[in-house]
Amino acid sequence: MTDSKFSPILQAELDEAMAGLKNFRHGVAYKSVGSTNDEALRLEKTSQEQGYVVTTEHQTKGRGRLARSWLMSDGDLVMSIIVRPPLIPAKISLLSLIPAVAIAEGLSSLGVNIRCKWPNDLLIEDAVSLDYFLNFRKVGGILVENVFVDAKLSASIIGIGLNIVSHESDREAVPHIGSLAQLPLALNRKRCLSEILRSLDALFSSVTKPDFAKDLIAAYATRCETLGRKVAVETDGAHFVGHAERLNEDGYLVVDGQTIRAGDVVFARTSP
Ligand code: BTN
């Protein structure tokens, strides 16, 4: 690879991380792209590869859920993975829980205790409490985008952003932002990438097992800070506050008996 748009350093990290994996064997590392999800969506059209990983040192137009943007700093991890049937679970709603559990399990081997805010936020604990985010800081997020061809699911793009270096300077704009740099651990992109891909590979290897959905939901539930709390839900133009009771068999959140499939769910104050 001689083209200057590619990053030899990050490619080496990626190749090392993929060595010996079953489902993720190929990938590309750029110096800079707008969004790795956009790049993966573009590559998906021209290749049928399964488990292809797209990563970059810099991302200039990172996208989050609900049309939000995703900020990254040098040294953070951003990547998007192209997965296709049969790696996609029968219930595609479970797809975003897979990276959440994989990241939590992968990073736990590095000493990080990741908590999840349903559906796609990755949190760590912090000493300071914020009204709407309690004593958590968001260190990562997941953006899953599905590609349909003739009404049939052709691929899913799993986008992962993980803040590894300090994001102190972003606190004014985003008070709940955090990063793994807050933890007394010697972490870097290479180590995180390796553990996350290893863990993703293991989970995707069991996707066709009969108990996969049940086990995945149980694993997510043990990490989920949303469950059991009073939450404010904004979905389909409706806004209400209720008690997050459980995850149903599709991985959707049940709040006061209502099934929430999408939208924004934040922690609500427990007293007015
Ligand atoms: C969220 O929290 O709203 C999801 C954030 C997802 C960000 C990642 S970074 C890699 C990939 N490329 C993107 O443009 N977005 C995802």
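Computed over heavy atoms, backbone and side chain alike; hydrogens, waters and symmetry mates excluded. Quick caveat: nothing in here was measured; it's all calculated off a predicted structure. Along the sequence shown, residues are numbered consecutively beginning with 1.
- Here the closest non-hydrogen pair linking Val207 and Pro86 is CG1-O, 3.5 Å.
- The two residues Thr235 and Val233 make their nearest non-hydrogen contact at CG2-CG1, 3.7 Å.
- Taking NZ of Lys117 as the start and SG of Cys224 as the end, the distance is 9.5 Å to the nearest 0.5 Å.
- Leu197 and Val83 end up in the same hydrophobic cluster when Ile, Leu, Val, Met, Phe, Trp and Tyr side chains are linked at under 4.5 Å.
- Listed by chain and number, the residues in a side chain to side chain donor-acceptor pair (under 3.5 Å) with Asn120 amount to none (sequence neighbours excluded).
- Within the structure, the ring-ring contact (aromatic ring centres under 6.0 Å, His included) test picks out the following pairs touching residues 21-64 (sequence neighbours left out): Phe6-Tyr30, Phe24-Phe204.
- Residues Lys45 and Ser154 are not in side-chain contact: their nearest non-hydrogen atoms beyond the backbone lie 4.5 Å or more apart.
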Could you pull out every donor-acceptor pair under 3.5 Å between side chains of residues 256-265 and any protein atom, sequence neighbours left out?
residue	atom	partner	partner atom	Å
Asp256	OD1	His243	N	3.0
Asp264	OD2	Arg68	NH2	2.9

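- Screening residues 169-183 for salt bridge (Lys or Arg N to Asp or Glu O under 4.0 Å), with sequence neighbours left out, gives Glu168-Arg171.
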Intermediate values then yes/no, side chain to side chain contact (heavy atoms under 4.5 Å, CB included), Val241 and Lys230: CA-CA 7 Å; Val241 172; Lys230 189 174 160 187; 3.6 Å; yes
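- Between Ile82 and Val147, every side-chain heavy-atom pair lies at or beyond the 4.5 Å cut-off.
- The two atoms that bring Phe212 and Pro89 nearest to each other are CE2-CB, 4.2 Å, heavy atoms only.
- Rounding to the nearest 0.5 angstrom, the gap separating the CZ atom in Arg137 from the CD atom in Gln182 is 7.0 Å.
- Every residue was checked against the side chain to side chain donor-acceptor pair (under 3.5 Å) condition with Glu245, not counting sequence neighbours, and none meets it.
- Val255 and Ala244 get closest at one heavy-atom pair: CG2-CA, 4.2 Å.
- Remark: Glu234 pairs with no residue by the salt bridge (charged side-chain N to carboxylate O under 4.0 Å, His left out) rule, at least two apart or across chains.
- Remark: Pro175 pairs with Leu130, Tyr132 by the side-chain contact (heavy atoms from CB on, under 4.5 Å) rule, at least two apart or across chains.
- For the pair Ile157/Val144, no side-chain contact is recorded, criterion being any heavy-atom separation below 4.5 Å from C-beta on.
- Between the OG atom of Ser35 and the CE atom of Met72 there is a distance of 11.5 Å, given to the nearest 0.5 Å.
- Taking NZ of Lys209 as the reference point, atom CG of Leu216 lies at 13.0 Å (rounded to 0.5 Å).
- Taking both residues in full, the closest heavy atoms of Glu249 and Ile217 are given as O-CD1, 3.4 Å, listed atom of the first, atom of the second, then distance.
- No side-chain heavy atom of Ser7 sits under 4.5 Å from any side-chain heavy atom of Thr56.
- The backbone N or O of Ser4 lies less than 3.5 Å from a partner atom in the side chain of Lys31, making a donor-acceptor pair.
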Trace of the side chain to side chain contact (heavy atoms under 4.5 Å, CB included) decision for Leu14 with Gln11: CA-CA 5 Å; Leu14 178 61; Gln11 186 71 50; 4.1 Å; yes
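- A donor atom on one side chain and an acceptor atom on the other are not found under 3.5 Å apart for Asn163 and Ser73.
- Aromatic ring orientation, Phe267 versus Phe133: perpendicular (interplanar angle above 60°, classes split at 30° and 60°).
- Taken to the nearest 0.5 Å, the CZ atom of Phe136 stands 10.0 Å off from the CG atom of Asp126.
- At least one side-chain heavy atom of Asn113 sits less than 4.5 Å from a side-chain heavy atom of Arg223.
- Cluster annotation: Leu162 is connected to Leu200 through the hydrophobic network of ILVMFWY side chains, with a link wherever side-chain heavy atoms come within less than 4.5 Å.
- Listed for the Ser179 side chain is a donor-acceptor partner under 3.5 Å among the backbone atoms of Val165.
- In this structure, CD in Glu225 is found 9.0 Å from CG in Leu227, a value given to the nearest 0.5 Å.
- Under the 4.5 Å side-chain heavy-atom criterion for ILVMFWY residues, no single connected hydrophobic cluster contains both Leu43 and Met18.
- Judged by distance alone, the side chains of Asn135 and Ser129 never bring a donor and an acceptor atom under 3.5 Å apart.
- The two residues Leu193 and Ala17 make their nearest non-hydrogen contact at CG-CB, 4.1 Å.
- The closest donor-acceptor contact from the side chain of Gln59 to the backbone of Thr36 lies under 3.5 Å.
- Applying the salt bridge (Lys or Arg N to Asp or Glu O under 4.0 Å) test to residues at least two apart or on different chains, the pairs with a partner in residues 144-156 are Arg63-Glu145.
- Both Leu87 and Leu153 belong to a single network of hydrophobic side chains, linked directly or stepwise wherever heavy atoms of I, L, V, M, F, W or Y lie under 4.5 Å apart.
- Between the side chain of Ser80 and the main chain of Asn37, a donor-acceptor pair closer than 3.5 Å is present.
- Residue pairs satisfying the salt bridge (Lys or Arg N to Asp or Glu O under 4.0 Å) criterion with at least one member in residues 69-91, sequence neighbours excluded, are listed as follows: Glu44-Arg84, Lys91-Asp250.
- Glu39 meets the salt bridge (charged side-chain N to carboxylate O under 4.0 Å, His left out) test with Arg42; sequence neighbours excluded.
- Shown here are the side chain to side chain donor-acceptor pair (under 3.5 Å) partners of Asn188, two or more places apart in sequence or in another chain: there are none.
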All N/O donor-acceptor pairs, side-chain side in residues 96-112, below 3.5 Å, sequence neighbours left out:
residue	atom	partner	partner atom	Å
Ser108	OG	Glu105	O	2.8
Ser109	OG	Gly106	O	2.6
Ser109	OG	Glu195	OE1	3.1

Stepwise side chain to side chain contact (heavy atoms under 4.5 Å, CB included) test for Cys116 and Leu122: CA-CA 5 Å; Cys116 301; Leu122 306 170; 4.3 Å; yes
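- Under the 3.5 Å distance criterion, with hydrogens and angles disregarded, no donor-acceptor pair is assigned to the side chains of Ser194 and Glu16.
- In the hydrophobic cluster analysis, where Ile, Leu, Val, Met, Phe, Trp and Tyr join through side-chain heavy atoms closer than 4.5 angstrom, Leu77 is grouped together with Leu203.
- By the neighbour-count criterion of 12 heavy atoms within 6.0 Å, atom CG of Asp211 is densely surrounded, having more than that number from other residues, nucleotides or ligands.
- In this structure a side-chain-to-backbone donor-acceptor pair under 3.5 Å is missing from Ser199 to Ile196.
- Under the 3.5 Å distance criterion, the side-chain polar atoms of Trp118 are matched with a main-chain donor or acceptor of Gly251.
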